[in-house]
Amino acid sequence: MVKLVGQDGGMTSWFRTYYDDEDLWLYFEADDEGWAARQVEVRATDSRPVVAASLAEVLHLRDHADLAAMSRYERQYGVLAEGPMDGWQDQPQAVEVSAEDFEQLWAAARRALGDTS
């Protein structure tokens with residue numbers, strides 16, 4: 001698994017799986033506890049991003065905003081997976097991805113979903 005030491009000293013990993021039921025590629029940046037820190041979902045049919053959600057943003061909204069702000073975020077960027085990503089290696093077409101590839105995909109997905117920051 002591709003792992004790097006993050007800014008907080010923890011290990012970060014990046015990987016991709018395929019979700020056949022929805023015909024989606026799911027890309028994850030997982031923290032040292034195996035939870036999704038960032039997630040991108042891309043439709044396989046047209047390569048259009050449909051999710052680009054961040055745990056840090058979700059937690060910030062939870063702690064500093066109201067339910068309406070969280071709802072707006074989820075409509076724009078989608079819903080972040082909850083729980084540890086254990087067993088991702090056993091998912092269909094699961095592979096590790098590089099940090100650089102994830103960052104490029106993340107930036108493109110955020111642009112496509114209307115990131116104004």
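FYI, the numbering just counts along the sequence from 1.
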- Message: Is there a continuous path of hydrophobic side-chain contacts, each under 4.5 Å between heavy atoms, that joins F28 to L24?
- Response: yes
- Query: What's the spacing between L61 CG and E74 CD if we round to 0.5 Å?
  - Reply: 9.0 Å
- Message: Looking only at the side chains, is there a donor atom on one of Q39 and E41 sitting less than 3.5 Å from an acceptor on the other?
- Response: yes
- Task: Measure the CG-CE distance between L67 and M70 for me, rounded to the nearest 0.5 Å.
- Result: 8.0 Å
- Query: With a cut-off of 6.0 Å (strictly less than), are more than 12 heavy atoms of other residues, nucleotides or ligands near CD of E82?
  - Reply: no
- Query: Can you name the closest pair of heavy atoms from V51 and V79 and give their distance?
  - Reply: CG1-O, 4.2 Å
- Note on the structure: Rounding to 0.5 Å, atoms CH2 (W106) and CZ (R111) come to a distance of 12.5 Å
- Message: Could you tell me if the side chain of Q91 sits less than 4.5 Å from the side chain of R16, heavy atoms only?
- Response: no
- Message: Ring-plane angle category for W25 and Y27, please: parallel below 30°, perpendicular beyond 60°, tilted otherwise.
- Response: tilted
- Look at the side-chain heavy atoms of Ile, Leu, Val, Met, Phe, Trp and Tyr, link any pair under 4.5 Å apart, and say whether V40 and L55 land in one connected group. no
- Task: Check whether F102 and V42 end up in the same hydrophobic cluster, where Ile, Leu, Val, Met, Phe, Trp and Tyr are linked by side-chain heavy atoms less than 4.5 Å apart.
- Result: yes
- Message: Looking at every non-hydrogen atom in both residues, tell me the closest pair between A52 and Y73 and how far apart they are.
- Response: O-OH, 4.2 Å
- Measure the spacing between CE of M85 and CH2 of W88 and express it to the nearest 0.5 Å. 12.0 Å
- Message: Looking at every heavy atom in both A53 and L80, which two are closest together, and how far apart are they?
- Response: O-CD1, 3.6 Å
- Within 45° of the axis and under 6.0 Å from the centre of the six-membered ring of Y77, does NZ or CZ of R110 qualify? yes
- Message: Test your reading of the model: is there a side-chain donor-acceptor pair from E96 to the backbone of F15, 3.5 Å cut-off?
- Response: no
- Query: Of D90, L26, V95, which is the lone residue that meets side chain to side chain contact (heavy atoms under 4.5 Å, CB included) with T17?
  - Reply: L26
- Please determine if R62 and E57 form a salt bridge, counting it only when a charged side-chain N lies under 4.0 Å from a carboxylate O. no
- Message: To check you understand the geometry: which heavy-atom pair defines the closest contact between Q89 and A94, and what is its length?
- Response: O-CB, 3.9 Å
- Message: To the closest 0.5 Å, what do you measure between CZ (R43) and OH (Y19)?
- Response: 15.5 Å
- Message: When you measure from the side chain of Q76 to the backbone of L113, do you find a donor-acceptor pair of N or O atoms at a distance under 3.5 Å?
- Response: yes
